[in-house]
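Along the sequence shown, the residues carry numbers beginning at 1. Predicted model only: the values in this text are computed from it and were never measured. Read the numbers this way: they start at 1 and go in the same order the structure lists the ligands and their atoms.
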Amino acid sequence: MSEDIARKLLEVGRAFRLPGSFFSFEEITNGNVNRTYKVNYVTDNGAGLADTHSYLVQKINSYAFRNPELLMSNIEKVTEHIRSRYPEKICLHFHHAEQKGRTRAYLEDGDSIWRVYTYIPAVTYNKCCDPHIIRSAGEAFGDFQMALSDFDASRLNETIPDFHDTRKRYENLIRDAEEDPCGRRKEVRAELEYLLAVQEEACRLTDLHNAGKLPLRVTHNDTKINNVLFHPETGVPLVVIDLDTVMPGLIGNDFGDAVRFAANFTEEDAADTSKTGLDLNVFWAFTDGFLSRTTKSLTKEEKDTLAHSCFSITCELATRFLDDYLVGDRYFKINSERHNLIRARCQIALARDIQRKLRAMNAIIQSCVEQYGLPENAKAES
Ligand code: GN1
Ligand code: MG
């Protein structure tokens with residue numbers, strides 16, 4: 001198996017004309033959708049010494065991303081925009097391969113799609129309670145948002161249609177629960193019951209947007225803190241990665257998804273949910289970082305719905321995991337038979353706890369909004 005992967009990675013590396021000799025690889029298991037490998041090459045530095053170069057080689061999940069052309073075109077436009085605004089900052093660098101008479105940032109290989117970008121030495125965090133790191137992650141996602149504030153959203157393709165349309169996610173769940181193609185519905189009665197009971201609240205962000213009350217921006221849409229790379233020594237955020245879902249979207253979904261992942265006391269797929277819940281200290285640190293960068297550009301409705309967005313995105317993800325369980329685990333990678341069910345249960349436990357803490361979350365948001373919404377001169381005086 002591992003030899004097959006090595007052979008495939010070697011072949012992909014050749015197609016992308018990566019220089020030097022391939023000597024090792026490891027799988028990076030962070031993502032739940034694409035497969036990612038760090039591959040290492042060695043070249044002669046000209047003085048007879050070895051230089052190593054690493055790349056991230058990704059096999060894109062073509063069930064999730066149906067159109068690689070549009071996907072990579074989005075990513076290239078977004079990275080180009082960020083590079084031109086911040087030429088001094090580290091940026092993602094995608095490699096190109098010749099195929100079908102064209103040079104493209106991806107390679108088709110039967111049903112598989114591959115892409116390659118230069119590895120950036122960095123650290124990432126899945127779980128972290130250090131308020132400085134969490135605050136920096138909030139700043140990084142806030143900066144990302146601001147960097148794209150003048151990007152014309154109409155230039156972007158919808159890489160996954162209706163990605164954060166919570167109503168549609170619910171419609172899919174209800175349909176699949178009725179059809180019950182794998183006979184799993186009987187196992188998920190309690191989870192379905194909870195999600196259906198909170199459906200209207202969970203869909204509030206989507207409804208407000210559909211009613212024209214929340215603006216579309218260019219958003220990241222997958223703001224897990226492990227998508228922020230930090231400098232290994234200084235701990236400074238270097239770059240936001242995983243641009244597959246950069247699309248027109250709601251800022252609340254970026255804020256809420258980051259909180260959902262970072263501020264959970266447990267991993268997002270904890271089988272024991274007795275400790276699952278929202279850590280208000282982590283929430284505070286993230287909110288402080290994010291709002292320090294974004295408050296001034298947010299509308300009143302956006303600010304008023306930030307806390308609620310944590311609840312709605314958590315329910316939305318629970319519907320997605322549960323739905324995938326019902327249809328036989330087609331979308332998310334799983335590492336046990338009931339992985340998607342476990343994930344859904346964990347998100348539901350988190351959603352319940354967020355409901356209990358909404359008042360405290362709103363108070364924290366309010367205090368940050370007051371602090372960062374002041375005009376510069378007023379801040380100096382206070
Ligand atoms: C997926 O693959 P990863 O971990 O970056 C998913 C997100 C979910 C997340 C849950 C394109 O992200 O929407 O929130 O899993 N990405 C896609 O862990 O569906
Ligand atoms: Mg992702």
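Residue K224 has at least one N or O atom closer than 3.5 Å to an N or O atom of ligand 1. For ligand 1, the polar-atom distance check finds no N/O of N227 at less than 3.5 Å from any of the ligand's N/O atoms. Taking distance alone, with nitrogen or oxygen atoms compared against 3.5 Å, N34 stays at or beyond that limit from ligand 1. Residue-to-ligand polar distances keep I160 apart from ligand 1: every N/O pair is separated by 3.5 Å or more.
The aromatic rings of F286 and F290 sit parallel, their planes meeting at an angle under 30°, below the 60° perpendicular limit.
Under the 4.5 Å side-chain criterion, counting only non-hydrogen atoms from C-beta, T294 is not in contact with R217.
Judged by distance alone, the side chains of T36 and Q58 do bring a donor and an acceptor atom under 3.5 Å apart. A donor atom on one side chain and an acceptor atom on the other are found under 3.5 Å apart for N32 and E268. Counting only N and O atoms by type, the side chains of Y106 and E69 include a donor and acceptor under 3.5 Å apart. Using a 3.5 Å distance cut-off with no hydrogens or angles, the side chains of N172 and D323 do not pair a donor with an acceptor. Judged purely by distance below 3.5 Å, without hydrogens or angles, the side chains of R293 and Q145 never pair a donor atom with an acceptor atom. The closest side-chain donor-acceptor pair between D150 and H81 falls under 3.5 angstrom.
A salt bridge (charged side-chain N to carboxylate O under 4.0 Å, His left out) check over residues 114-124, counting only residues at least two apart or in different chains, returns the pairs R115-D244.
For the ligand labelled ligand 1, residue F261 lies outside the 4.0 Å heavy-atom shell. For K333, the heavy-atom gap to ligand 1 stays at 4.0 angstrom or more.
The Y331 neighbourhood of ligand 1 comprises atoms 11 (C), 17 (C), 19 (O), with distances under 4.0 Å to a heavy atom of that residue. Which parts of ligand 1 touch G31 is read off a 4.0 Å heavy-atom cut-off, strictly below it: atoms 2 (O), 4 (O). Ligand 1 places these atoms under 4.0 Å from at least one heavy atom of F65: 11 (C). In summary, the atoms of ligand 1 found under 4.0 Å from a heavy atom of L317, numbered by their order in the structure, are 8 (C), 10 (C), 14 (O). Close contacts between ligand 1 and F332 involve ligand atoms 15 (O) [criterion: under 4.0 Å to a heavy atom].
In terms of protein heavy atoms, atom 13 (O) of ligand 1 is closest to R320 NH1, 2.8 Å. When only non-hydrogen protein atoms are considered, atom 1 (C) of ligand 1 lies nearest to V33 CG2, 3.7 Å. Protein heavy atom nearest atom 2 (O) of ligand 1, with residue, atom name and distance: N32 N, 2.8 Å.
L306 and I134 fall within the same hydrophobic cluster, where Ile, Leu, Val, Met, Phe, Trp and Tyr residues are linked whenever their side-chain heavy atoms come under 4.5 Å apart, directly or through other members. Under the 4.5 Å side-chain heavy-atom criterion for Ile, Leu, Val, Met, Phe, Trp and Tyr, I60 and Y63 are members of the same hydrophobic cluster.
Residue-level proximity to ligand 1 for D242 is carried by the side chain, the only part with a heavy atom below 4.0 angstrom. The proximity of N221 to ligand 1, defined as any non-hydrogen pair under 4.0 Å, does not occur for either the backbone or the side chain. Counting heavy atoms under 4.0 Å from ligand 1, residue R35 does not touch it at all.
Nearest to atom 16 (N) of ligand 1 by heavy-atom distance, out of T159, N61, N226, D222, is D222.
Only protein N, O or S atoms were considered, and those under 2.8 Å from the Mg ion (ligand 2) are D222 OD2, D242 OD2.
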Quick one: side chains of residues 14-22, donor-acceptor pairs under 3.5 Å with protein atoms, not counting sequence neighbours, listed by atom name and distance.
none

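Not a single donor-acceptor pair under 3.5 Å links the side chain of H308 to the backbone N or O of N362.
Of the inter-residue distances, the one linking E337 atom CD with I342 atom CD1 reads 10.0 Å to the nearest 0.5 angstrom.
The side chain to side chain contact (heavy atoms under 4.5 Å, CB included) test applied to P121 returns Y119, not counting sequence neighbours.
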